[in-house]
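These notes concern the structure reproduced below.
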Amino acid sequence: MGTDARACIMVIFGGTGDLTYRKLLPALYNLQAKNAMPDNFAVVAVGRRDIQADAYMDAAYKALQQFSRTEVDPKIWAQLCERLYYQKANFNDDGGYYDLKLFLSELDEKHGTGGNRVYYLAVAPEYFPVIVEKLYQNSMVKNRTTSQKVVIEKPFGRDLSSARALNQRITEVFSEENTYRIDHYLGKEMIQNIMVLRFANVVFESVWNSQFIDNIQISSSEIVGVENRGEYFEQSGALRDMVQNHMLQLLTLIAMEPPANLSTESIRDEKVKVLKALEHFTPQTAQEFIVRGQYGAGKIDGKKVRAYRAEEKVSLISNVETFVALKVNVANFRWAGVPFYIRTGKRMQNKGTEIIVQFKRLPQILYFKDYGTLHPNILSIKIQPTEGIYFQFNVKEPGIQNKIVPVNMDFCQNCLAEDNSPEAYEKLLLDVTQGDSTLFTRWDEVENAWKFVESIANAWQTQPTALPTYAAGTWGPLAAEQLLVKDQRQWWQV
Ligand SMILES: NC(=O)c1ccc[n+]([C@@H]2O[C@H](COP(=O)([O-])OP(=O)(O)OC[C@H]3O[C@@H](n4cnc5c(N)ncnc54)[C@H](OP(=O)(O)O)[C@@H]3O)[C@@H](O)[C@H]2O)c1
């Protein structure tokens, strides 16, 4: 076996958790199926359960059958089994790290992984600093070298100060270069396509500014409620759970300037500039330009669903928002006067994540004046579940009447892909092994996103009013519609 620069052992802390079963193992399986992993590669799932390797493999196999986007081929599974291990350890217990360290060195011998590690923390956030510190104390990280990386799941902190404290503890052990903060949205196919769409097409980039764009809408809606994450959601709400990370990441990609080159740092530099240009909220502007809501009972697909306050591990008097809509200003030259409307919510009518770019209307010149109102050009970037791009423009309707109608060009990316598009985690795990952190968030992105979000959280603290509820299965509180109506605009439907 020749040694590959990507050779490593991926140690998944939280190896028996939901994320590992639902996302990480299926991603590793599909990478194995594509032969995309290095030869010198192994995976060690770490959990506290006292289970034998066989029992773990059975559970992993069942998870693949349930969650893999491709059918499980026994041959590929057998190949993955040759490099997949389970190791019992308690995150708080030094003995567990000692045993793990010995086991990893044995695997280095067997797989030729040369002491290189990717430590993936698929664990509750309170364990992020604990594990990093224990890895250091047990000499499992060598001098912040590039052969030792750490992957941190979301959420990265609960607010600005906790994010800073967490970051400080991590960077005492791992360098920024070796710290991979996950925002899995960045691994999605269409998100990676935003830069291509903008910077590889003259028709879009030449009009991508306040001269031609009227407003931009970024929506992410879910049909499901909080499911079994009530305890977590009570601490986060939609603002921290979605806006601080995914929604702002989408906004940066839409609003950023073209990077000097395609290096990781150049791209991240431009994204940070956007975050720094976001106009922070005051209690007054928050009142005017932000709408919060919480889902009440309602019907989804004809079935009754309960209100947020009736969900498990949710307070009966909870004032946590399950929906938020906001009008954001990016205060720079390119975007002066162009509002970015963001909304995200649970228990909505449809599931989908979509970015709508609404172009300005042309003046109603004489010739068209009598044909009714011209529809604006709309570019829609569909991120999930449908992936694609849709463009709406005006044509003359065939016939003797001079009627103008909107038509669309619709590119469906996931209809074209030979197999379905790779899951975000496939791309992200592959990038970590290759040392490419472009699709992960740099610390100053996280920090500036928190600064912005904290301006909202602080404003809300001064207005602890009861939230409006919206019926499950709708598009949120009426005030969210009004947010645009008072600007003579409308949400374009996802
Ligand atoms: N689930 C998702 O879809 C999802 C999506 C995005 C982000 N995330 C993030 O990913 C992380 C993990 O989430 P999750 O849903 O997978 O959590 P989870 O299902 O609760 O799994 C937690 C894992 O940690 C292990 N664990 C907990 N305490 C331990 C201890 N003291 N010693 C050793 N092992 C211990 C658990 O082992 P046992 O099984 O033995 O309890 C389990 O393997 C969280 O930060 C979450 O915010 C999750």
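Counting starts at 1 for both ligands and their atoms, in listed order. Excluded from the calculations below are hydrogen atoms, water molecules and symmetry mates; all remaining heavy atoms, backbone and side chain alike, are included. By convention here, the first residue in the shown sequence is residue 1.
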Indicate yes or no: does an N/O atom of [X] lie under 3.5 Å from an N/O atom of ligand 1?
X: T20; answer: no
X: P155; answer: no
X: G47; answer: no
X: T16; answer: yes

What I want to find out is whether [X] reaches [Y] closely enough, with some N-O distance under 4.0 Å, to be called a salt bridge.
X: E423; Y: K188; value: no
X: D58; Y: K62; value: no
X: D94; Y: K134; value: yes
X: R181; Y: E176; value: yes

Go through ligand 1 atom by atom and flag the ones less than 4.0 Å from a non-hydrogen atom of [X].
X: G14; answer: 23 (C), 24 (O), 43 (O)
X: V123; answer: 11 (C), 12 (C), 44 (C), 45 (O)
X: A122; answer: 11 (C), 12 (C)
X: G17; answer: 16 (O), 19 (O), 21 (O), 42 (C), 43 (O)
X: P125; answer: 45 (O)
X: A89; answer: 32 (N), 33 (C)
X: N90; answer: 30 (C), 31 (N), 32 (N), 33 (C)

Protein non-hydrogen atom below 4.0 angstrom of atom 39 (O) of ligand 1 present: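 Looking at atom 39 (O) of ligand 1, one finds that a protein heavy atom does lie closer than 4.0 Å.
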
Proximity flag G96 to ligand 1, non-hydrogen atoms under 4.0 Å: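 No, G96 has no heavy atoms under 4.0 Å from ligand 1.
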
Do [X] and [Y] have side-chain N/O donor and acceptor atoms under 3.5 Å apart?
X: T113; Y: D108; answer: yes
X: Q413; Y: E189; answer: yes
X: T469; Y: Q294; answer: no
X: S221; Y: Q349; answer: no
X: Y308; Y: E321; answer: no
X: D431; Y: S437; answer: no

Structural part of [X] in contact with ligand 1, heavy atom criterion under 4.0 angstrom:
X: R22; value: side chain
X: E153; value: side chain
X: Y127; value: side chain

How far is [atom] from its nearest protein heavy atom, and which residue and atom name does that atom have?
atom: atom 41 (O) of ligand 1; result: R48 NH2, 2.8 Å
atom: atom 2 (C) of ligand 1; result: D18 OD2, 3.6 Å
atom: atom 5 (C) of ligand 1; result: L19 CD1, 3.8 Å

With sequence neighbours excluded, residues passing ring-ring contact (aromatic ring centres under 6.0 Å, His included) with F289: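 Counting only residues at least two positions away or on another chain, F289 forms no ring-ring contact (aromatic ring centres under 6.0 Å, His included).
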
Check: Y85 ring centroid to F103 ring centroid under 6.0 Å: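 Aromatic pair counts; centres sit under 6.0 Å.
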
Aromatic centroids of F440 and H184 separated by under 6.0 Å: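 No, the ring of H184 stays outside the 6.0 Å limit from the ring of F440, centre to centre.
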
Selection from F91, Y21, F128 by shortest heavy-atom distance to atom 32 (N) of ligand 1: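 Heavy atom nearest to atom 32 (N) of ligand 1 belongs to F91.
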
Option of least heavy-atom distance to atom 9 (C) of ligand 1 (set: E126, H184, K154):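 Result: the heavy atom closest to atom 9 (C) of ligand 1 is in K154.
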
